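The structure under discussion appears below in the form of structure tokens.
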Amino acid sequence: MATTPRKVLITGVSKGLGRALALELANRGHTIIGCSRNQTQLDSLQLELAKLSSTNHFLFNLDVRSNTKVEEFAKAMVEKEFVPNIIVNNSALINKNGKMWEVDAQEFDNVIDTNVKGIANVMRHFIPLMISSNQGIIINMSSILGRTTQQQCAPYCASKWAVEGLSKATAKDVPEGMAIVSLDPGIIYTDMLVSLLGDIAPQYQSPQQWASKAATMILNLTPLDNGASLTVEDPGTLTNSE
């Protein structure tokens with residue numbers, strides 16, 4: 001297991017998988033650089049992180065949909081000498097259940113802008129920083145719905161299929177010493193799963209149970225994994241909600 005302390009950037013860090021992963025990694029001695037749009041949740045996470053270690057963790061209120069804001073964020077990390085070793089592009093939204101033609105155009109745009117353009121914005125500004133040090137692992141969170149489909153969530157499926165393609169194509173452009181992978185986290189009991197499956201969602205693993213497995217997997221990724229589509233151990237099987 002990897003033990004060298006890392007600087008890990010996690011987007012969408014304030015709740016769900018991002019929060020659980022941040023706490024797990026901090027507990028293992030790694031430095032968290034997190035961002036989210038929810039300042040209240042960021043403040044509570046900062047307190048939790050402080051209880052786990054004396055390491056200075058950095059949490060920022062940031063909307064990854066804004067290319068300009070992500071660019072400013074990257075520049076701030078350079079100034080603080082906190083260019084991450086690992087990036088977990090975790091920020092994501094899911095549309096309300098509905099047939100494609102019933103999904104409001106703005107809702108569709110929000111899903112694509114967050115799940116696809118948000119990842120592109122982060123990679124656009126952080127990959128050059130990683131290239132300069134010839135190292136870096138980027139994990140783009142995909143989904144089982146980026147490799148298969150489910151009714152009533154076409155926008156989300158489209159976004160995660162895009163994440164798979166974006167990751168594989170960008171992986172071909174980065175130099176040796178780096179890796180970009182797409183990661184299906186499996187099925188976890190989060191607000192997003194409740195939105196998709198309703199009352200069935202609680203039967204799945206908790207974010208904390210997931211984070212223990214995911215952290216180990218993420219910390220052990222190497223440049224040899226570049227371009228891979230990976231899945232966290234014991235992902236679970238998606239149950240049709242109808």
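This structure is a prediction, so every number in the text was calculated from the model and none was measured.
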Next on the checklist: Tell me whether R19 contacts the main-chain N or O of S14 through its side chain, where contact means a donor paired with an acceptor under 3.5 Å.
Outcome noted: yes
Next on the checklist: Donor-acceptor check, side chain of W210 to backbone of P185, threshold 3.5 angstrom: yes or no?
Outcome noted: yes
Checklist outcome for this item: Between L62 and the options K69, E72, R37, the side chain to side chain contact (heavy atoms under 4.5 Å, CB included) test singles out K69
What side-chain donor-acceptor pairs closer than 3.5 Å can you find for residues 156-164, not counting sequence neighbours?
from, atom 1, to, atom 2, distance (Å)
S159, OG, N115, ND2, 3.0
S159, OG, Y156, O, 2.7
K160, NZ, M141, O, 2.8
W161, NE1, L145, O, 3.2
W161, NE1, T148, O, 3.0
E164, OE1, S182, OG, 3.0
E164, OE1, S229, OG, 2.7
E164, OE2, S142, OG, 2.6
E164, OE2, R147, NE, 2.8
E164, OE2, R147, NH2, 3.1
E164, OE2, S182, OG, 3.3

Item to check | Pair N140-S167, side chain to side chain donor-acceptor pair (under 3.5 Å): steps then yes or no | outcome: CA-CA 7 Å; N140 294 329; S167 300; 2.9 Å; yes
Checklist entry - M77 and I87: same hydrophobic cluster, using ILVMFWY side-chain contacts below 4.5 Å? => result yes
Next on the checklist: Show, in sequence, the C-alpha distance, side-chain angles and deciding distance for L23 and L45, and conclude whether the side-chain contact (heavy atoms from CB on, under 4.5 Å) test is met.
Outcome noted: CA-CA 8 Å; L23 292 169; L45 176 58; 3.8 Å; yes
Next on the checklist: So, using side-chain hydrogen bond (donor to acceptor under 3.5 Å, both in side chains) as the criterion, who are the partners of E24 when residues are at least two apart?
Outcome noted: R28
Checklist entry - Would a 4.5 Å heavy-atom cut-off, applied to side chains only, mark M123 and L166 as touching? => result yes
Item to check | Nearest heavy-atom neighbours spanning L25 and I32 | outcome: CB-CD1, 3.8 Å
Next on the checklist: Quick check: do L219 and I86 have side-chain heavy atoms less than 4.5 Å from each other?
Outcome noted: yes
Checklist entry - Under the 3.5 angstrom rule, does the side chain of N226 hit a backbone N or O of I180 as a donor-acceptor pair? => result yes
Checklist entry - Would you say K168 has more than 12 foreign heavy atoms packed within less than 6.0 Å of its NZ? => result yes
Item to check | Atom pair CG (L21) and OG (S212), whose distance is rounded to the nearest 0.5 Å | outcome: 10.5 Å
Checklist outcome for this item: Minimal heavy-atom distance between I139 and L183, with the atoms involved, is CG2-CB, 3.6 Å
Checklist entry - Can you name the closest pair of heavy atoms from M130 and G136 and give their distance? => result SD-CA, 3.9 Å
Next on the checklist: Strictly by ring-ring contact (aromatic ring centres under 6.0 Å, His included), give each pair with a member in residues 69-112 just once, sequence neighbours left out.
Outcome noted: F58-F82, F60-F73, F73-F126
Checklist entry - So, do R65 and K117 sit near enough that their side-chain heavy atoms are less than 4.5 Å apart? => result no
Next on the checklist: Same cluster or not: V116 versus V181, using hydrophobic residues (I, L, V, M, F, W, Y) connected whenever any side-chain heavy atoms lie under 4.5 Å apart?
Outcome noted: no
Item to check | Close side-chain approach of V8 and P84, heavy atoms under 4.5 Å | outcome: no
Item to check | Chi angles and distances behind the side-chain contact (heavy atoms from CB on, under 4.5 Å) call for N27, S53 | outcome: CA-CA 7 Å; N27 192 48; S53 69; over 6 Å; no
Next on the checklist: With rounding to the nearest 0.5 angstrom, report the CG to CG distance, N110 to D113.
Outcome noted: 6.5 Å
Item to check | Same apolar cluster: V64 and V78, side chain cutoff 4.5 Å | outcome: yes
Checklist entry - Can you check side chain to side chain donor-acceptor pair (under 3.5 Å) on D43 and Q39, steps first, answer last? => result CA-CA 6 Å; D43 291 341; Q39 188 61 52; 2.8 Å; yes
Checklist entry - With side chains defined as the heavy atoms from C-beta onward, is the minimum distance between K96 and D104 less than 4.5 Å? => result no
Checklist entry - Does N67 use its side chain to pair, donor to acceptor, with the backbone of N121 at less than 3.5 Å? => result no
Checklist entry - Any donor and acceptor pair, going by atom type alone, linking the side chain of E102 with main-chain N or O of N97 inside 3.5 Å? => result no
Checklist entry - For the atom pair CD1 (I94) and OG1 (T114), what is the distance rounded to the nearest 0.5 Å? => result 12.5 Å
Checklist entry - What's the spacing between N90 CG and S36 OG if we round to 0.5 Å? => result 10.0 Å
Checklist entry - Linking I/L/V/M/F/W/Y whenever any side-chain heavy atoms sit under 4.5 Å apart, do L49 and L42 land together? => result yes
Checklist outcome for this item: Interatomic distance, OG1@T11 vs CG@N89, rounded to 0.5 Å, equals 5.0 Å
Next on the checklist: Under the criterion side-chain contact (heavy atoms from CB on, under 4.5 Å), I'd like the reasoning laid out for I127 against T170: C-alpha separation, chi angles, the key distance, then a yes or no.
Outcome noted: CA-CA 10 Å; I127 287 177; T170 309; 3.9 Å; yes
Next on the checklist: Using every non-hydrogen atom in the two residues, find where K7 and E81 come nearest and quote the distance to one decimal.
Outcome noted: CE-O, 4.2 Å
Item to check | Partner of L17 under side chain to side chain contact (heavy atoms under 4.5 Å, CB included), chosen from I188, V232, V88, I10 | outcome: I188
Item to check | Main-chain N/O of Q41 paired with S44 side-chain donor or acceptor, under 3.5 Å | outcome: yes
Item to check | Which atom of L230 lies closest to which atom of A228, heavy atoms considered | outcome: CD2-CB, 3.7 Å
Next on the checklist: Tell me whether T55 contacts the main-chain N or O of T31 through its side chain, where contact means a donor paired with an acceptor under 3.5 Å.
Outcome noted: no
Next on the checklist: Taking T222's backbone N and O only, do any of them form a donor-acceptor pair with D225's side chain (distance below 3.5 Å, no angle check)?
Outcome noted: yes
Checklist entry - Hey, what do you get for CG (D184) to OG1 (T231), rounding to the nearest 0.5 Å? => result 4.5 Å
Checklist entry - Considering all heavy atoms of both residues, which atom of L129 and which atom of A74 are nearest to each other, and what is their separation? => result CD1-O, 4.0 Å
Checklist entry - For the hydrophobic clusters of this structure (ILVMFWY residues joined by side-chain heavy atoms under 4.5 Å, transitively), does one cluster hold both V83 and I119? => result yes
Next on the checklist: What I'd like to find out is whether the side chain of Q152 reaches to under 4.5 Å of the side chain of K99, using heavy atoms alone.
Outcome noted: yes
Next on the checklist: With a sphere of 6.0 Å drawn around NZ of K15, does it hold more than 12 non-hydrogen atoms of other residues, nucleotides or ligands?
Outcome noted: no
